[in-house]
Structures are given as C-alpha cells and as structure tokens.
Number of protein chains: 2
Amino acid sequence: MPDEPRWLADWERDAWLALASLMFKLPSALDAQLLRDNGLTLFDYFVLSNLSMVPDRTLRLSDLAQHTSSSLSRLSNVVKRLEQRGMLRREPDPDNPRYTRAVLSDAGWELVVAAAPGHVAAVRRFVIDGLTKEQVGVLREVACHVARQVSEGAAERPARNC
Amino acid sequence: MPDEPRWLADWERDAWLALASLMFKLPSALDAQLLRDNGLTLFDYFVLSNLSMVPDRTLRLSDLAQHTSSSLSRLSNVVKRLEQRGMLRREPDPDNPRYTRAVLSDAGWELVVAAAPGHVAAVRRFVIDGLTKEQVGVLREVACHVARQVSEGAAERPARNC
DNA sequence: GCATTTCGGTTCAAGCTTGAACTTCATGGC
DNA sequence: GCCATGAAGTTCAAGCTTGAACCGAAATGC
C-alpha cells in the first residue's frame, strides 16, 4: 500500500528478530514448567494469580479479561474449566446482575500459593536474573510501549501497569 | 521447593508484568494484520520469509525449525498446509535422503513480497517506532538473553541472531 | 413507555498446537 | 555383516484458541 515501505535497518531488524524469538519460546517454556509442576498453563496461572491479589479474591470477568490481556471468549472457556476443577466459582454480581464475578476458592488459593515459587524461579531464570537494573528498567519501558501501541491500535485501554 | 523463594522486587515485577502483557498481545496483533491482509499467520510468514532469504530458497526442515523457534511437529503441519496451497514444495535432500528440504515456490516468493510491507509497517508501529536507538539496542540485548536462557534450559542451541 | 442499541458473557464449529507413538534411515560398536 | 541407537519427519488424538453468532439485561433515544 505505501509507495516505498520503510524497511527496517539492520539494528532494528536484529532487535525485532530477537524479540520474535522470545515471543515464540518464552510462553512455551513457562507453560511447560507450570504444567509439569502444577498442572496449570501460564494463562490459568495468571487468572488465579490476579484473583489472589485483589480484595475479596473476586473480579468481574470483563475486568479479569483486561488484567490478563485476553478475549472474553478465551477467558470464559478457561474460567469454566477452572470452575469444574473447583479452583474458583462464578456468581452473578449482586450490585448489577448483568456482570459475572469470579471468586477464588480456597483450593484455588492453595494452588496459586503452591505454584508461585516455581513460577517465580522460572521467571527469574529465563528473564530477570543476569540483567542489570538498567536493562530491566528499559525492558519495562519498552514492553509498556509495545503493549500501549497494540492496545490503542485495537482501540482498547492499555493495561494498568503501564 | 526452595526454602525461601526469592520473590520479585517491585521494579522487577513491573518489568515482568509488562513483558507478559506484550507476550499475550503482540502475537495476536501481528497475526491479525497478516491474516486480514494476506491470509497468513505470523508463523506462516516466518516460514516463508526464512526461505526467501536463503540461497536457493531452500532449507532442511530441521534447520527451518531452528530458525523459527518451533517444534518439528508444528513445522511439519504448517509446511504441509503451505505445500497444499502451493507456496512451497517438499523434496528429499539429494545429498542425504534422510533429510527433507522445503523449497519456496514462485507463488510463495510473491506472497512474501506482497506481505512484507504491511508486516514491516505493523512491526514499526507496534514495536520499533517511538523507541530511541538506545532502547532498541537494549531490547535486542534483553531479548537475546531471554532466548538464550530458554534454549539452554531446554538444552538446545540458541538462535543464530544472538 | 417502547424500540433500539450496547454491553457482558456464553457457545459452537473450525482451525491450530502439542506430545506421544511410529517409521525410516543412517551411524556406531563389535 | 548385524544389532542397537539415534536423528529426521510424520501422524494422530486430545486439548486450546478464535471469531462469529447468539442471548439476556441494561441503558439510551425519542
């Protein structure tokens, strides 16, 4: 469509290819650790972890979808499976029955608590450890920038941690 | 398992959550652009693009799997579909019939050429543009570090661009 | 008030990925 | 030469994700 596309310079292309490699590998590596040790996917873990860090361990599904950068459709399926496993329950929001709230169960709480150390260790090993404080700072800036660009391209609000 | 897990400090956790948000959103955003404009997933594009940049537009499947950070199983499926669409063909390696080579067809070449400008524009918009040269440099370092950590944890060789 | 739109959420089919099992072929030991 | 081992690919079932269609309830327009 553009007459003369602005190709990437070498230093830009290298950064992009490295990021692409990360994008393809890191999720499977974290999935593998959690699945092996706790029977959870990374996405499952994020859902439970978000609930565990919030007052009353309760969130509306639409808020949870924002927190986990996921579609409502995907979240609905995952929450259904987690409910069948007894990790949380769904209930209509008493304030406004149009909303559905997900409430973490005790079993769900215990599962997050059990899974957290191994997961954090994996995040340290794969990402954080071995980087300088400056590199971690820039990583945060860059990742926030990307998340913001993607969200605004899709006309959504950016995640709250940016 | 560890007696006292080393939790993440706030500044580490913020960087990790931002990266996680990127990991969840960026692939779908790039998939969406390519799928809409050229009927390709990001992974399809990577396969064709790798072939297009190599002598004879030909690679062994196992090498291609390394280049695209994918399992052989996934690659085998994707290559089969791309072959059915006429974008490439498979043939036994004449040097060593144990290997299978993927050869980009003319239609495949034209598809990559047609898809590249829009894809590069998306990469610019979502990732590169708006960052300083220093940030892009650190992004490359960090992403290479992560890719290396993940690969060595899985006892594989790191990707060649690191 | 009534109709329309919008929002939150669910469901379903289609497609993709994963991991394990399997096949084939080459290589190494003896 | 012969068996065992391992690497390269393929296949298949099971599970997950996606997007579109759908439903019910609230808000909005008039």
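In the text below, chain A, chain B and the rest are named by the order of the sequence lines, each starting its count at 1. Heavy atoms only: backbone and side chains are in, while hydrogens, waters and symmetry mates are out.
- Ring orientation note: the planes of A/Phe43 and B/Phe24 are nearly perpendicular, at an angle over 60° on the 30°/60° scale.
- When the local axes at the two ends of the helix from C/dG1-D/dC30 to C/dC30-D/dG1 are compared, using 5 base pairs at each end, they differ in direction by 30° after rounding to 10°.
- When heavy atoms are screened at a 4.0 angstrom cut-off, B/Arg101 is found touching no nucleic acid atom at all.
- One N or O on the side chain of B/Glu12 and one on the backbone of B/Ala9 form a donor-acceptor pair closer than 3.5 Å.
- By the rule that hydrophobic residues join a cluster once side-chain heavy atoms approach within less than 4.5 Å of another member, A/Leu8 and B/Val138 end up as members of one cluster.
- Scanning DNA chain C 5' to 3' for nucleotides with an atom closer than 4.0 angstrom to a non-hydrogen atom of chain A gives a first and last hit of C/dC7 to C/dT11.
- Of the possible donor and acceptor atoms, one in the side chain of A/Ser105 sits under 3.5 Å from a partner among the backbone N and O of A/Met87.
- For A/Asn96, the CG atom counts as densely surrounded, since its 6.0 Å shell holds more than 12 non-hydrogen atoms of other residues, nucleotides or ligands.
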Write out a two-atom table: protein N or O, nucleotide N or O from nucleotides 24-28 of chain D, distance below 3.5 Å.
none

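- B/His67 contributes no side-chain N or O that, together with a main-chain N or O of B/Val47, makes up a donor-acceptor pair within less than 3.5 Å.
- Looking at B/Asp14 and A/Arg140, no side-chain N of the basic residue comes within less than 4.0 Å of a carboxylate O on the acidic one, giving no salt bridge.
- Judged purely by atom type and a 3.5 angstrom limit, B/Ser76 has no side-chain atom pairing as donor or acceptor with the backbone of B/Ser73.
- Base engagement by B/Ser73 is indicated by at least one non-hydrogen atom pair under 4.0 Å involving a base atom.
- Within 4.0 Å (heavy atoms only), B/Leu61 reaches sugar-phosphate atoms of the nucleic acid but no base atom.
- Donor-acceptor pairing under 3.5 Å is lacking for the side chains of A/Asp31 and A/Ser28.
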